[in-house]
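These notes are about the structure you will find just below.
Reminder, nothing fancy here: chain letters follow the sequence lines and each chain counts from 1.
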Number of protein chains: 2
Amino acid sequence: MNESQLVRGLGEQIVERLREDIFSGRIAEGQRLREIDLAKRFDVSRGPIREAIQQLAWEGIVNTDRNKGALVATSAPDEITELIIPLRCTTEKYAIRLFFDTLTEADFLLWENILDKMKQACEAKDFALISEHDIAFHRALVKRSHSPDLLAIWSSIVSRVRRHFRESHLNYKNPIQIYEEHLPIIDALKSKSMAQALQVIEDHIE
Amino acid sequence: MNESQLVRGLGEQIVERLREDIFSGRIAEGQRLREIDLAKRFDVSRGPIREAIQQLAWEGIVNTDRNKGALVATSAPDEITELIIPLRCTTEKYAIRLFFDTLTEADFLLWENILDKMKQACEAKDFALISEHDIAFHRALVKRSHSPDLLAIWSSIVSRVRRHFRESHLNYKNPIQIYEEHLPIIDALKSKSMAQALQVIEDHIE
DNA sequence: TGACAACCGATTGTTAACAATTTACAACAG
DNA sequence: CTGTTGTAAATTGTTAACAATCGGTTGTCA
């Protein structure tokens, strides 16, 4: 998976901008997305716009009806969270089992680096950044398994519910708690007890 | 949600045809998908083809590189099966819980229709077709939940292990058993006992 | 011979025009 | 007044042409 992605297609860039607009509330829930409007706004043709909308639809951020266009989805988080929790538990615990015996200091450095950035975001109360780093941290965990398939499966689960990450973060009065809740994971991974690490990740996800 | 879907876009139809081709093995792993070839084959322009490929990429059925097109993804290695079983259990049981109380005769008709085709494939010992219908059956189950989130997640999980469907089928001396093992699922769904249905699907997946 | 750069064909990315469908609204009949 | 039907505008679906990019090939030079 190409991390840097120096040059990206118009569609991908538009996806990111729209996703950020929707998550930040600049584009409201239920609002209709018209291809021509977006094409004018981004100064591209409707091709990349349609590409972006299709992707957002797959992520569950907008709903599309044939010949009727796209509406920004209203969040219905609760039921699906119930599904996501066991799925994440299964995949992330599986990842930990794969890599636990081969951990090195460099791994902890990498993860702690991400958590540092998350801490700064928490202090700045920048919820968009907090979510990004939260996802990045767990992605880095799964990636450490060195299994592209595992990473791909995990990604498809999480990106589908990126919005729920964000919404659950908004429930924290003091965002620094989000950061603090990640520290035990690192500790447990350092502890040399796989059973304990599996338990901690399970508690964390729930 | 439009149940019948009488009229669907070209892109959606092409997604289904390509998915069937790949799940059955008619299009091999690693094979390159050229937009122009597909456009000629389906007698449409490249627009709907690109739409279909993007969707297949999201489901994990093909891998795309910018400016380099799409390759049919290679199925995950055997170890992953260990992970997939609990993931499928979780998602398919979740789906059954969602729809169990609203089942109608039409649902059973649809599913039995797929199983009929599977039966014919079993009698013909056509393992490619057996796999295709096996996956199609489970997909139809999950789709019945009417939850796009659930279907999206399930799709991306199963697409990565499609080869294991075929390989596990090859272990059967008498392929008709594959068909017969699906009948208890229908029976349990008809039985009005959700707990029993959940147990049956769990036993079936393992 | 081997490295390297400039081309060329093939393929994907993007655009703009055209076709089909939906929606809103107005005219009309009962 | 209510419901229906026809029409036009707005919007999405599809197409085909054009632009940009990639990979291999060929030719040059050390």
Q: Could you state the atom-to-atom distance from CZ of A:R66 to P of D:dG13 in whole Å?
A: 6 Å
Q: Would you mind reading off the distance between A:I36 atom CD1 and C:dT22 atom C1', rounded to a whole angstrom?
A: 14 Å
Q.
Please give me the minimum heavy-atom distance between B:A76 and B:R163, naming the atom from each residue.
A. O-NH2, 3.3 Å
**Q.** Whole-Å gap separating C1' (C:dT12) and CG (B:L33)
**A.** 13 Å
Q. Which one, D:dT21, D:dT14, C:dT14, comes nearest to the side chain of B:N67?
A. D:dT21
Q. Is it true that B:R139 and B:E59 make a salt bridge, defined as a side-chain N closer than 4.0 Å to a carboxylate O?
A. yes
Q. Between A:R97 and B:E82, does at least one N-O distance fall below 4.0 Å, as a salt bridge requires?
A. no
(Q) On the nucleotide C:dT12, are OP1 or OP2 found under 4.0 Å from the side-chain N or O atoms that B:K68 carries? (A) no
Q: Nearest whole angstrom, please: distance from the P of D:dC22 to the CZ of B:R34.
A: 17 Å
Q) CG of B:L10 versus P of C:dT21: gap in Å, rounded? A) 11 Å
Q. Roughly how many Å is it from CD in B:Q13 to P in D:dG13, rounded to a whole number?
A. 13 Å
Q: Measure the acute angle between the ring planes of A:W111 and A:F137, then classify it against the limits of 30° and 60° as parallel, tilted or perpendicular.
A: perpendicular
Q: Have a look at A:I53 and say if it touches a base, only the backbone sugar-phosphate, or nothing, with a 4.0 Å heavy-atom cut-off.
A: nothing
Q. Mapping B:D37 and A:G11 onto DNA chain C by nearest heavy atom, which one lands closer to the 5' end?
A. B:D37
**Q.** Cationic N near anionic O, under 4.0 Å, B:K190 to B:E112
**A.** yes
Q: Starting from C1' on D:dT14, measure out to CD on B:E35 and report it in whole angstrom.
A: 15 Å
Q: Would you mind reading off the distance between B:D65 atom CG and C:dG13 atom P, rounded to a whole angstrom?
A: 10 Å
**Q.** Strand contacts (DNA chain D) in residues 40-50 of chain B, 4.0 angstrom heavy-atom criterion
**A.** B:V44, B:S45, B:R46, B:G47, B:P48
Q | Heavy-atom closest pair, residues B:P48 and B:I14 | A | CB-CD1, 4.2 Å
Q: Taking only Lys NZ, Arg NE, NH1 and NH2, and the carboxylate oxygens of Asp or Glu, determine whether A:R66 and B:E12 approach each other closer than 4.0 Å.
A: no
